[in-house]
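None of the values given here were measured: they were computed from a predicted structure.
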Amino acid sequence: MASSQWQKSSYSAANNDCIEVRTVDGLVELRESDTGDIIVRTTPIKFAKFLQGIKAGEFDHHADHTS
């Protein structure tokens with residue numbers, strides 16, 4: 001079983017509330033550091049497309065811009 005260690009998002013800085021990512025058996029896994037028992041698993045291609053959507057602002061309408 002090939003896997004890597006959890007990597008914390010560089011945008012999290014010193015905060016404990018962050019997204020962590022790793023690879024396991026050719027798939028990508030994501031979790032929130034404070035709820036590590038909930039893991040989302042996807043393919044590398046779908047994860048790359050998700051990241052492209054984030055960078056393109058595709059999900060910005062979900063953000064709370066009031067804070």
Side-chain angles (χ1 to χ4, degrees):
M1 176 185 288
S3 66
S4 61
Q5 298 293 322
W6 288 106
Q7 292 182 314
K8 181 178 165 180
S9 168
S10 61
Y11 288 98
S12 299
N15 297 328
N16 287 334
D17 299 332
C18 62
I19 299 296
E20 296 175 322
V21 65
R22 72 177 179 183
T23 57
V24 175
D25 295 331
L27 296 174
V28 178
E29 291 187 340
L30 300 124
R31 71 179 183 181
E32 286 192 50
S33 60
D34 58 343
T35 54
D37 57 327
I38 300 171
I39 297 172
V40 175
R41 181 180 272 186
T42 189
T43 66
I45 292 172
K46 288 181 181 180
F47 184 59
K49 288 182 180 187
F50 175 67
L51 292 178
Q52 289 171 349
I54 291 171
K55 290 178 182 180
E58 186 177 333
F59 307 104
D60 287 355
H61 64 282
H62 294 290
D64 179 8
H65 297 288
T66 61
S67 50

Review point. Passes side-chain contact (heavy atoms from CB on, under 4.5 Å), I19 versus R31? Steps please.
Key: CA-CA 6 Å; I19 299 296; R31 71 179 183 181; over 6 Å; no
Between side-chain atoms of residues 38-57 and protein atoms elsewhere (two or more places apart, or another chain), which donor-acceptor pairs fall under 3.5 Å?
unit_1: R41; atom_1: NE; unit_2: E29; atom_2: OE2; d: 3.0
unit_1: R41; atom_1: NH2; unit_2: E29; atom_2: OE2; d: 2.5
unit_1: T43; atom_1: OG1; unit_2: K46; atom_2: N; d: 3.2

Considering all heavy atoms of both residues, which atom of K8 and which atom of C18 are nearest to each other, and what is their separation?
->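 Where K8 meets C18 most closely, the heavy atoms are CG-SG, 3.4 Å.
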Can you tell me how far CD of Q5 sits from CZ of R22, rounded to the nearest 0.5 angstrom?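 Reported to 0.5 Å precision, the distance equals 8.0 Å.
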| said: Distance check, rounded to the nearest 0.5 Å: T23 atom OG1 versus W6 atom CH2? | reply: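 Interatomic distance, T23 OG1 to W6 CH2, rounded to 0.5 Å: 10.0 Å.
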**OP:** Would you please name every residue forming a side chain to side chain contact (heavy atoms under 4.5 Å, CB included) with E58, sequence neighbours left out?
**Re:**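 E58: no side chain to side chain contact (heavy atoms under 4.5 Å, CB included) contacts found.
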